[in-house]
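Some notes on the structure that comes next.
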There are 2 protein chains.
Amino acid sequence: MLISDQYFMELALRKAKKAKEKGEVPVGAVIVKNGIVVSASNNSVEKDLSSLMHAEIKAIYRAQKELENWRLTGCVLYVTLEPCLMCCGAILLSRIKKLVYAAADPKGGAAASLYRTLEDARLNHRVEVVSGVMETEAAALLADFFKEKRLN
Amino acid sequence: MLISDQYFMELALRKAKKAKEKGEVPVGAVIVKNGIVVSASNNSVEKDLSSLMHAEIKAIYRAQKELENWRLTGCVLYVTLEPCLMCCGAILLSRIKKLVYAAADPKGGAAASLYRTLEDARLNHRVEVVSGVMETEAAALLADFFKEKRLN
């Protein structure tokens with residue numbers, strides 16, 4: 001694991017914790033270009049009444065605005081949970097260079113668990129994938145959230 | 001083909017033509033609930049500097065705001081081109097009941113061409129799919145757009 005990967009994943013985890021405090025599924029995302037944070041977001045599906053408001057989608061949108069370009073060439077996306085089909089599709093469309101995620105999502109993950117969309121040679125872009133960075137912390141955060149939800 | 005399917009696809013095609021006039025890839029989408037149009041959008045990736053701004057994503061977001069609910073239960077999405085991975089993921093997450101599309105997208109379609117994501121039994125939602133409604137018109141619009149683009 002790169003030290004920088006751990007550093008940026010910690011930022012994403014901080015975002016995920018923010019989501020949890022607000023009753024949202026705790027997922028956070030950070031986009032980095034040349035070692036500099038371009039955007040950071042957390043899941044806000046409930047607050048925004050929109051299932052599109054995954055942390056990755058918001059981080060990609062903000063990075064595109066920040067860089068004034070829909071092509072996020074050279075950007076790395078850090079996210080605390082393996083991205084779903086929608087988010088993997090968005091990652092591909094925005095030409096992100098590399099994805100680093102923490103916990104796997106066996107029920108919906110489209111980077112490795114259910115699909116390997118980011119390495120599909122039929123599509124016009126491929127993304128380098130690193131998984132398991134700070135996996136324990138991210139998985140515990142999610143497990144705690146769903147446990148508390150069941151108890152309430 | 002249902003007469004109503006043709007009617008709503010004509011609306012989506014009108015949106016696609018609007019996109020073309022503005023130099024955007026001509027794709028239009030309409031969301032209908034109980035026979036009533038809830039939202040209508042066109043692709044605006046270039047204008048909005050965001051690869052997320054596909055017609056389907058915008059239509060889903062607007063329908064969620066209009067219905068004040070992220071669950072688009074009972075809704076039908078009409079779109080002039082087979083949705084990509086991102087848009088199929090968004091369709092699944094928003095619990096749309098049925099997708100009707102016009103032209104197939106052999107290079108990126110995730111409803112039938114490259115993937116059949118909307119009927120994946122491992123995911124927590126399935127979507128009824130109808131294809132080929134006003135296919136000729138939608139495909140011609142796209143072909144004209146790319147032909148003109150190559151000439152310019």
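Heavy-atom basis, side chains included; hydrogens, waters and symmetry copies ignored. So that the names make sense, note that chain A is the first sequence line, chain B the second, and so on, each numbered from 1.
- For the set B/K65, B/R95, B/E46, B/M86, the entry with the most heavy-atom pairs within less than 4.5 Å of chain A is B/M86.
- Side-chain contact between A/L123 and B/K107: absent, with no pair of heavy atoms (C-beta onward) separated by less than 4.5 Å.
- In the hydrophobic clustering of ILVMFWY residues, with side-chain heavy atoms under 4.5 Å counting as a link, A/L77 and A/F8 come out apart.
- Contact annotation: the side chain of A/L52 approaches that of B/I60 to within less than 4.5 Å [non-hydrogen atoms, C-beta and beyond].
- A single hydrophobic cluster is not seen to contain both A/L72 and A/V130; linkage of ILVMFWY side chains at heavy-atom distances under 4.5 Å, directly or through other members, places them apart.
- The minimum heavy-atom distance linking A/S50 with B/Y61 is given by the pair OG-CD1, 3.6 Å.
- Neither the backbone nor the side chain of B/C88 comes within contact range of chain A; no heavy atoms are under 4.5 Å apart.
- Most heavy-atom pairs under 4.5 Å with chain B, from the set A/L85, A/L49, A/D48: that is A/L49.
- The contact between A/I57 and chain B is made by backbone and side chain atoms together, counting heavy-atom distances below 4.5 Å.
- By the rule that hydrophobic residues join a cluster once side-chain heavy atoms approach within less than 4.5 Å of another member, A/L13 and A/F146 end up as members of separate clusters.
- Under the 4.5 Å side-chain heavy-atom criterion for ILVMFWY residues, a single connected hydrophobic cluster contains both B/Y78 and B/L141.
- Chain B is approached within less than 4.5 Å, heavy atom to heavy atom, by A/L114, A/Y115, A/T117, A/D120, A/R122 from residues 114-122 of chain A, ordered by number.
- No more than 12 heavy atoms of other residues, nucleotides or ligands shown are found within 6.0 angstrom of CZ on B/R14.
- Between chain A and the options B/E68, B/M53, B/R71, heavy-atom pairs under 4.5 Å are most frequent for B/E68.
- Hydrophobic clustering places B/V30 together with B/V100 (ILVMFWY residues linked when any side-chain heavy atoms are closer than 4.5 Å, directly or through intermediates).
- Around NZ of A/K33, the count of heavy atoms belonging to other residues, nucleotides or ligands within 6.0 Å exceeds 12.
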